[in-house]
J.: 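Below: one structure in structure tokens.
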Amino acid sequence: MNHQPTRQASTPGPRSRTTLYAGAEAMRKQWPSSRLLTVKGARQHGLYGEYGNACVDKRVNTYLRTGRLPAHDLTCEA
């Protein structure tokens, strides 16, 4: 079986009631090759394409277009 590194960009809202932010941080630690993209003060679960945050949308669109994750975790302002 060929195991490829997990490549994921996660964009949780720290104040989301659906997914606790601590869970996103724990998932990030389990997948070292993933990246965590945080929006300070966001209160909802779905951020990409719904929240209207240019910082998030730009980073996720770049990942979807190129397949390359950011070099490190990022934080965007709400």
J.: Do R35 and L74 have side chains that approach each other closer than 4.5 Å (heavy atoms only, starting at C-beta)?
T.: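 The answer is no, as the side chains (C-beta and beyond) never meet within the 4.5 Å cut-off.
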J.: Is there a side-chain contact between L36 and T38, using heavy atoms and a 4.5 Å cut-off?
T.: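 Contact flag for L36/T38 side chains = yes.
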J.: Taking all non-hydrogen atoms of both residues into account, name the closest pair between S34 and L69 and its distance.
T.: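 Looking at all heavy atoms of both residues, the shortest contact is CA-CD1, 4.1 Å.
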J.: Quick check: closest heavy atoms across N53 and C76, and the distance to 0.1 Å?
T.: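 Smallest heavy-atom distance, with atoms named: OD1-CB, 4.1 Å.
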J.: Just jot down the side chain to side chain contact (heavy atoms under 4.5 Å, CB included) partners of D57, sequence neighbours excluded, or say none.
T.: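 Counting only residues at least two positions away or on another chain, D57 forms a side chain to side chain contact (heavy atoms under 4.5 Å, CB included) with Y48, N61.
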J.: Taking only residues at least two apart or on different chains, which pairs with a member in residues 21-30 satisfy salt bridge (charged side-chain N to carboxylate O under 4.0 Å, His left out)?
T.: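 The answer is R28-D73.
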